[in-house]
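Notes to accompany the following structure.
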Amino acid sequence: VKVIDPDGNYTTTNYLQDQFTKGMVLAQASYDAAGNLFNKAVNTWAIKTIMTGNVSVFPYLKKVDQYVYDGDASGKRSAQEFFYDESPQYGNLTKTVQYGEVDLATGSDSPSNDKRTTETTYLNSTAPYILGLPKQITIKDHLNNQLRQTSFYYDNHANLTDSPSK
């Protein structure tokens with residue numbers, strides 16, 4: 001899809017068309033009226049099987065690469081990666097790795113001193129059916145040192161592992 005503004009600048013958006021990710025954005029790029037690229041985002045999608053036999057699947061955004069240009073070939077690239085690693089899978093984001101600036105051509109994390117990781121654990125209660133409430137969020141630096149941690153308590157419970165009741 002191409003959208004053109006009154007000055008001739010335009011944005012292109014490519015969408016996926018397969019069975020499970022149809023309609024999700026694969027890539028988006030912005031150009032000036034002369035066709036010079038100013039920025040683009042490239043999304044990597046993945047699918048987790050929730051139930052065997054592809055009865056139920058969970059499509060999710062695995063990685064985003066962001067490119068910024070000034071209308072020329074030299075630019076900067078940053079990347080983020082997303083993880084949904086819980087069992088059973090309820091669709092909760094469990095970890096985000098923000099790589100900061102990465103190599104423009106390869107995407108390798110260089111320099112690696114600007115990486116930040118956010119990890120989230122959840123309270124998922126099936127009785128009552130209350131899912132996706134964060135229990136703890138931990139932010140770590142590129143050396144895996146804890147920078148910050150936030151804990152969540154629900155329904156006036158004193159224990160971090162107590163399931164919500166309301």
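The basis for the numbers below is simple: all heavy atoms, side chains too, and nothing from hydrogens, waters or symmetry mates. Everything quoted here is computed from the prediction, not taken from an experiment.
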What are the two closest non-hydrogen atoms of [X] and [Y], and how far apart are they?
| X | Y | value |
| --- | --- | --- |
| Val25 | Asn43 | O-ND2, 2.9 Å |
| Val57 | Pro59 | O-CD, 3.7 Å |
| Ser30 | Thr11 | OG-OG1, 3.4 Å |
| Gly107 | Arg77 | N-NH1, 3.2 Å |
| Tyr15 | Gly23 | CD2-O, 3.3 Å |
| Glu101 | Asp109 | O-OD1, 4.0 Å |

Between atom [atom1] of [X] and atom [atom2] of [Y], what is the distance when rounded to the nearest 0.5 Å?
| X | Y | atom1 | atom2 | value |
| --- | --- | --- | --- | --- |
| Asn92 | Thr120 | CG | OG1 | 9.0 Å |
| Met24 | Leu61 | CE | CG | 9.0 Å |
| Asp162 | Leu123 | CG | CG | 8.5 Å |
| Tyr99 | Lys115 | OH | NZ | 6.0 Å |
| Thr138 | Asn144 | OG1 | CG | 10.5 Å |
| Lys63 | Gln80 | NZ | CD | 11.0 Å |

With sequence neighbours excluded, what pairs up with Glu86 under the salt bridge (Lys or Arg N to Asp or Glu O under 4.0 Å) test?
none
Is the closest side-chain heavy-atom distance between [X] and [Y] below 4.5 Å?
| X | Y | result |
| --- | --- | --- |
| Asp85 | Lys95 | no |
| Asn39 | Gln66 | no |
| Val64 | Phe82 | yes |
| Tyr154 | Pro134 | yes |
| Phe38 | Asp32 | yes |
| Ile137 | Phe152 | yes |

Remaining members of the apolar cluster that contains Tyr10, side-chain heavy atoms under 4.5 Å
Ile4, Tyr31, Leu37, Val42, Tyr67, Tyr69, Leu104
Tyr60: which of Tyr84, Phe83, Tyr90, Trp45 passes ring pair (Phe, Tyr, Trp, His ring centres under 6.0 Å):
Tyr84
Without swapping roles, check the side chain of Asp103 against the backbone of Ala105 for a donor-acceptor pair under 3.5 Å.
yes
Determine whether a donor-acceptor pair (N or O, by modelled atom type, separation under 3.5 Å) exists between the side chain of Asp7 and the backbone of Asn9.
no
Mind checking side-chain hydrogen bond (donor to acceptor under 3.5 Å, both in side chains) for Asp141 and listing every partner two or more places apart, or none if nothing turns up?
Asn145
Checking side chain to side chain donor-acceptor pair (under 3.5 Å) against Glu119, which of Gln146, Lys140, Gln136, Gln149 comes through?
Lys140
Is it the case that atom NZ in Lys48 sees more than 12 heavy atoms from other parts of the structure closer than 6.0 Å?
yes
Salt-bridged, Lys62 to Glu81, with N to O below 4.0 Å?
yes
